[in-house]
Amino acid sequence: MTDPTTADGTSIDSRIEELIGNFSFLDDWEDRFRYLIDLGRKLEPMDEALKTEETKVRGCTSQVWIVDEVRPGSPPTLHFIADSDAHIVKGLIAVLMEIYDGRTPEEILAADIKGAIGKLGFEQHLSPNRANGLFSMVERIRALAAKEAAAGA
Amino acid sequence: MASVETMRTPTAGDNSVQAFDVERVRADFPVLQQSVHGKPLTYLDSGASAQKPKAVLEAMDEVYRTCYANVHRGAYYFSQHLTDRYESVRTKVAGLLNAASDQEIVFTRNVTEAINLVAHSFGNSLSAGDEVIISEMEHHANIVPWQLLRDRVGINLKVVPIADDGSFRLDAYESMLGPRTRLVAITHTSNVLGTVTPMKEIIRLAHKAGALVLVDGAQAVVHSKVDVRDLDADFYAFTGHKLYGPTAIGALYAKAELLKEMPPFLGGGDMIRSVSFAETTYADPPHRFEAGTPPIVEAIGLGAAIDYVNGIGMEAISAHEAGLLAYATERLSAVEGLTIYGRAKEKAAIVSFTLDGIHPHDIGTIVDREGVAIRVGHHCAQPLMERFCVPATARASMGLYNTTDDIDVLVRALEKVKELFG
């Protein structure tokens, strides 16, 4: 098993718990959306050149692009850059970044993301299309992590 | 809009078709009493699929409870009884479209199946180099079957451009018609722009050039009276679920002389005259094109939907919807940053729009929280989205049960969208 904590000393589970805490603090749907949209606004900008057919995520109703880069270290971790043309999706990307960014591929693959999304209560706020899109993004991140793990990142 | 308000409060004792009471109509649709996210449902997605009146639900329920059996088979009472009722719906559909005979009505699952049927049974008789003309505002259901035909037999597919206001460009169309044009397949009403195409003229010009015309009537039959004989349409397809009927039942109208010459599309039971391993002969139209057990109860439901719409009167429905369209156009135009796509003079009660800087999916998600159901996306018309350089639009499509209040709720919800994303 890999070390459950990363450079910043937090485990993937504790970050998920923190996110759940932040969202459950907001009991009104409007405030939750406001918070989500706000998170999306703070997302690291993505270079337009990175938005290609190859980096595009299929299965999303709006356009989504995700790329990863390996950050050297021991162990090496993954950094993701992602964007969407829809505000709420950008917010969802920001949430996934909170969970996945700066993690080792093994940590990413081991995280119980379905459980986390369930606890965040997103499914009740998102249309089935949107929820599918969210899982498509998760699948892409996991595929990138699996590829990097196989490459020995 | 005074005209709509007037229609909502008919004078007592007025039983003419003009006495359109939208509140009484709404009471016929149980689902409209529902709440979504704690808000009353505001259903503005009838262009995708319309809600069903009690008359349809009860007719279907009654068949299952009291006389269900397969059709065209048994010698026993229920089967014969239901066969008669099923076939009587064919007569109702013929009446709806003013076809010359119910033998010109082929039941299909939907418009998609009807177009695929024509693309095979008629399309397969075309040769390499023959031309099929469609338009830029077609639904994928009226694009992909022709591309498949192109791959099978090598036809050329030509696309009529549309004008910036979403209207059909008759001039461009006329110049495309030629000696190799065999079929013109055009929508009667755009599902995205609401544009009502000049179908009578489209057909007249096609016939002059020696080509046949297939009309995609999915959106048209629900908004206005259709007369296939007046149009002189060769093929006309519509679907039941947009006409307040059930899903999985629609119809293809085709002129009798065309159907007579066309080979079957799907093979199986019910479409044969006799079967042996050496040779099978086929039934006459329309049954030749109806292989397998049909959606029997859905057909009964469609019959009930046609009766329901006829009971209200298509003219009254058209007038009500014209009032709604005018009101919606006026209210939505006043929303800052809102762009409407499709402003053709002849237009059905469908309004596609975008809000500056806000993705249509974001619009859809937020208005949903206010109980408002609209369609967001490419509406199965990706080439049209490309034509207007947008990835998607939001679309409010209205039906006979919508009110000006529904539009007000939508506009308020859009103000909330703007506030959230602004």
Side-chain angles (χ1 to χ4, degrees), chain A residues 23 26-43 45-46 48 51-53 55-65 82-96 117 120-137, chain B residues 35-39 41-45 48-49 140 192 337-339 352-382 385-386 388-395 409 412-422:
Chain A
F23 274 98
L26 307 163
D27 43 20
D28 178 52
W29 73 267
E30 228 176 292
D31 289 339
R32 287 175 169 219
F33 271 114
R34 258 184 240 283
Y35 181 58
L36 195 62
I37 293 159
D38 230 40
L39 287 177
R41 289 216 169 94
K42 293 175 193 149
L43 207 59
M46 186 179 198
E48 290 300 315
K51 296 175 183 176
T52 64
E53 274 306 303
T55 63
K56 202 173 193 171
V57 180
R58 309 240 161 251
C60 296
T61 44
S62 45
Q63 300 195 84
V64 175
W65 304 268
D83 199 5
S84 169
D85 53 355
H87 292 283
I88 292 169
V89 177
K90 279 181 86 154
L92 294 172
I93 291 171
V95 167
L96 292 179
I117 290 170
L120 282 164
F122 284 165
E123 277 151 327
Q124 65 182 66
H125 293 310
L126 300 173
S127 66
N129 274 347
R130 268 274 163 78
N132 287 341
L134 181 59
F135 285 112
S136 298
M137 291 192 272
Chain B
S35 292
V36 176
H37 304 303
K39 306 277 170 67
L41 171 67
T42 300
Y43 192 74
L44 290 168
D45 198 21
S49 200
H140 294 166
V192 178
L338 188 144
T339 306
S352 269
F353 60 92
T354 56
L355 278 175
D356 284 351
I358 304 173
H359 196 284
H361 285 106
D362 286 335
I363 298 174
T365 303
I366 301 303
V367 301
D368 171 55
R369 300 300 312 195
E370 298 296 319
V372 180
I374 56 169
R375 175 89 188 263
V376 294
H378 53 61
H379 316 290
C380 298
Q382 284 179 348
M385 297 292 106
E386 213 164 288
F388 284 104
C389 301
V390 287
T393 68
R395 180 191 70 182
V409 173
R412 276 201 299 278
L414 291 176
E415 293 299 345
K416 177 156 260 173
V417 170
K418 285 175 61 187
E419 188 247 315
L420 268 171
F421 296 105

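Per chain, numbering begins at 1; letters A, B, ... match sequence-line order.
The residues E48(A) and K51(A) are annotated as salt-bridged, a charged nitrogen and a carboxylate oxygen being separated by less than 4.0 angstrom. The pair K56(A)-E53(A) counts as a salt bridge, with a side-chain nitrogen and a carboxylate oxygen less than 4.0 angstrom apart. Contact check on K416(B) versus E370(B) returns a salt bridge, with a Lys/Arg side-chain nitrogen under 4.0 Å from an Asp/Glu carboxylate oxygen.
Heavy atoms of I366(B) lying under 4.5 Å from chain A belong to its backbone as well as its side chain. Using a 4.5 Å cut-off between heavy atoms, D368(B) does not touch chain A at all. Both the backbone and the side chain of I88(A) have a heavy atom closer than 4.5 Å to some heavy atom of chain B.
Highest contact tally toward chain A, considering only E419(B), H378(B), H37(B), is held by E419(B) [criterion: heavy-atom pairs under 4.5 Å]. Your options are L420(B), V376(B), I358(B), and the one with the most heavy-atom pairs under 4.5 Å with chain A is L420(B).
Residues V192(B) and F388(B) are not in side-chain contact: their nearest non-hydrogen atoms beyond the backbone lie 4.5 Å or more apart.
The two residues A94(A) and L43(A) come nearest to each other via the heavy atoms CA-CD1, 3.6 Å.
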